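What follows is a set of notes on a single structure, which appears directly below.
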Amino acid sequence: MTVSRVLIANRGEIAVRVIRACQALGIETVLAFSEADRESLPARIADRGICIGPPSPTDSYLNIKAIVAAAMGTGADAIHPGYGFLAESPELAQACAEQGITFVGPKPEQIREMGNKLQARSLARQFALPILTGSEKVHTHAEAARVAERIGFPVMMKAAAGGGGRGMKIVNDERDMEQMFGSASAEARAAFGDDSLYLERYIPNARHIEVQVLGDRFGNVIHLGERDCSLQRRHQKLVEESPAPAITEALRQEIRQAGVTLARSMRYENAGTVEFIVDQDAEKFYFLEMNTRIQVEHPVSEMITGIDLVQEQFRVARGESLRFAQSDVMFRGHAIECRVNAELPAEGFRPNPGRIVQWRPPEGPNIRLDTHCYVGYAVPMYYDSMLAKLIIYGKDRAEALERMRRGLHQFSIGGVGTTLPFLQFVMGHPDFAAGSVNTNLVERLIEQMAAQLRTGGESK
């Protein structure tokens, strides 16, 4: 199976990332862009571009018919969906198959199996992975209250049809159930077109650890280690690192093996991420979900293994077998990634689109910047506010952390407000330095930073 020309059905830094991988492989690139992204960096560096619609994602990046038509009209023999938008759309993968276009990702049925969280939980249980005590679909707030009573409060209410923090609510007692149920179901319906909800036991002192897997059509599956993604705001990741700090080696190996077990059992193809929640008090882990795509945070895995995951995606999509056995994957050093967004931390992280008038990123050895930004770029209001991912490598976590601190202070962006001040605060905080993190730490740090701003104090 040949892949000689690929349509990239995405935007921003991931579009740039895919273009660079294609250039290394000698694959011609066609960028599918919206009217708002006509002057974007990916549109400038792709071999060819095609406009697929107006700025609204519904009319452009989420329009399957327009994307498939663009691929066929430009003679592309493959589509890479990046992450977000249609990356986990079984309908897009199926449409590609029907038109003889290679979808650079897993099979439609694998996306579908993992896309429904209830079905994913069932498969994980079938393959003997540990899962949290939870429920099947709950239809009313009264039913949810009865289930929560059995599980024990607090519980996490989740959308069955999607992730990304949408449709997720923590319910602390029965009095909040009716309001939370209505809010979560409405959010899930708006985001995924499906208001199905289910419940899981909520773990207050939790870590979010995920395993990067890679599989081929011949049943070979390997992992590229685990990533700690516990620093989240409203279930959206802000900082990621690999390997995960402050866990035992035994637990690390158990989590890695569980990720491989799931992927191998379902004969998973291409790059994917198996996500787990770790109960730090009990030192136990549980399956959360599987993301059937390349992840935003994939660079930290690349930095510690030296393996280009996007290039491997293309090789697998072309029908090649994996070039590595598990014993060939060597883990060296430590990598940390910070997502830099056009948001105002002091104003509740309000998005701050505008024109970039200054762009001076840090430079030097062991510094990687994945971005689509440049001086003069107008950050649009229609899409995610991420400007860049700063990825730093060190021989160990202490060195990587010190380099990240310096890198963030050297990073200068003008014209739009950014999250750089908050990231500097996080990297300088003793709890993060000690690896004493959980999924609630960011909210606490936001409060501490706000208090310092009110009193005119210095950040640690």
Side-chain angles (χ1 to χ4, degrees), residues 12-14 16-21 23-24 41 45 83 209-212 214 223-231 237-247 252 271 273 294-312 324 328-341 358-374 386-413 418-430 432-435 437 460:
E13 65 86 17
I14 189 59
V16 174
R17 174 74 184 86
V18 176
I19 291 169
R20 299 301 189 203
Q23 290 171 339
L41 180 60
I45 65 173
Y83 55 69
I209 296 178
E210 60 189 30
V211 179
Q212 176 68 61
L214 190 64
H223 70 78
L224 273 67
E226 80 292 342
R227 301 183 287 254
D228 190 305
C229 305
S230 300
L231 265 69
K237 301 165 187 172
L238 300 179
V239 177
E240 302 96 1
E241 58 183 309
S242 186
I247 62 171
R252 185 188 316 282
T273 301
I294 196 76
Q295 292 271 91
V296 176
E297 58 271 21
H298 75 273
V300 293
S301 299
E302 295 181 328
M303 294 289 270
I304 67 165
T305 62
I307 295 173
D308 188 309
L309 275 162
V310 179
Q311 289 189 32
E312 296 308 317
F324 317 97
D328 297 323
V329 182
M330 306 300 293
F331 301 98
R332 298 182 179 89
H334 197 94
I336 302 174
E337 173 181 295
C338 286
R339 304 188 190 189
V340 181
N341 286 27
Q358 184 182 65
W359 182 262
R360 294 179 184 168
E363 297 179 350
N366 301 306
I367 294 176
R368 169 176 166 178
L369 188 74
D370 283 18
T371 186
H372 58 291
C373 295
Y374 55 88
M386 188 167 69
L387 303 177
K389 302 182 312 198
L390 179 61
I391 308 105
I392 302 288
Y393 174 85
K395 68 177 184 297
D396 53 29
R397 188 173 188 266
E399 184 176 82
L401 182 55
E402 181 55 35
R403 285 178 174 166
M404 179 60 82
R405 289 172 184 150
R406 291 200 304 269
L408 289 170
H409 280 281
Q410 292 166 5
F411 206 160
S412 178
I413 303 172
T418 75
T419 53
L420 281 170
F422 180 70
L423 292 169
Q424 293 165 4
F425 182 81
V426 171
M427 291 298 116
H429 199 279
F432 184 76
V437 301
K460 290 186 177 65

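Predicted, not measured: the structure shown is a model, and the values here were computed from it. Just the heavy atoms: all of them, side chains too, but no hydrogens, waters or symmetry mates, feed the values below.
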**Request:** Could you label the plane-to-plane angle of the Trp359 and Phe411 rings as parallel, tilted or perpendicular, counting under 30° as parallel and over 60° as perpendicular?
**Result:**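 The arrangement is perpendicular - the two ring planes meet at more than 60°.
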
Measure the spacing between [atom1] of [X] and [atom2] of [Y] and express it to the nearest 0.5 Å.
X      : Y      : atom1 : atom2 : result
Glu240 : Leu231 : CD    : CG    : 9.0 Å
Ile413 : Thr419 : CD1   : OG1   : 8.0 Å
Ile367 : Leu369 : CD1   : CG    : 9.5 Å
Met330 : Leu224 : CE    : CG    : 12.5 Å
Leu408 : Leu423 : CG    : CG    : 5.5 Å
Cys229 : Glu210 : SG    : CD    : 3.5 Å

On a heavy-atom basis, which atom in [X] and which in [Y] lie closest, and how many Å separate them?
X      : Y      : result
Gly394 : Ala400 : N-CB, 3.8 Å
Gly333 : Pro243 : O-CD, 3.5 Å
Ser242 : Ile304 : OG-CD1, 3.1 Å
Val239 : Cys338 : CG2-SG, 4.1 Å
Leu309 : Ser301 : CD1-CB, 4.4 Å
Tyr83  : Ile294 : CB-O, 3.4 Å

Is there side-chain contact between [X] and [Y], with at least one heavy-atom pair below 4.5 Å?
X      : Y      : result
Ile45  : Arg20  : yes
Tyr393 : Arg332 : yes
Glu297 : Thr273 : no
Asp228 : Pro245 : yes
Arg406 : Pro362 : no

Main-chain N/O of [Y] paired with [X] side-chain donor or acceptor, under 3.5 Å:
X      : Y      : result
His298 : Gln295 : yes
Arg397 : Ala433 : yes
Lys389 : Glu337 : no
His334 : Asp396 : no
Glu241 : Val300 : no
Thr371 : Leu387 : yes
Thr418 : Asn341 : no
Glu226 : Ile209 : no
Arg405 : Met427 : yes
Arg252 : Ala244 : yes

**Asked** Does the cation-pi check pass for Arg339 over Phe422, that is, NZ or CZ under 6.0 Å from the six-membered ring centre and within 45° of its axis?
**Response** no

**Intermediate values then yes/no, side chain to side chain contact (heavy atoms under 4.5 Å, CB included), Glu302 and Ile391** = CA-CA 10 Å; Glu302 295 181 328; Ile391 308 105; over 6 Å; no

**Prompt:** Should we say atom CD of Glu363 is surrounded by more than 12 heavy atoms from elsewhere, each under 6.0 Å from it?
**Reply:** no

**Message:** One pair to check against side chain to side chain contact (heavy atoms under 4.5 Å, CB included): Ile336 and Arg403. What are the steps and the verdict?
**Reply:** CA-CA 10 Å; Ile336 302 174; Arg403 285 178 174 166; over 6 Å; no

**Request:** Please assess Glu402 against Ile392 for the test side chain to side chain contact (heavy atoms under 4.5 Å, CB included), listing each intermediate value before the final yes or no.
**Result:** CA-CA 9 Å; Glu402 181 55 35; Ile392 302 288; over 6 Å; no

**Message:** For Lys237 and Val296: C-alpha separation, side-chain torsions, deciding distance, then whether side chain to side chain contact (heavy atoms under 4.5 Å, CB included) applies.
**Reply:** CA-CA 9 Å; Lys237 301 165 187 172; Val296 176; over 6 Å; no

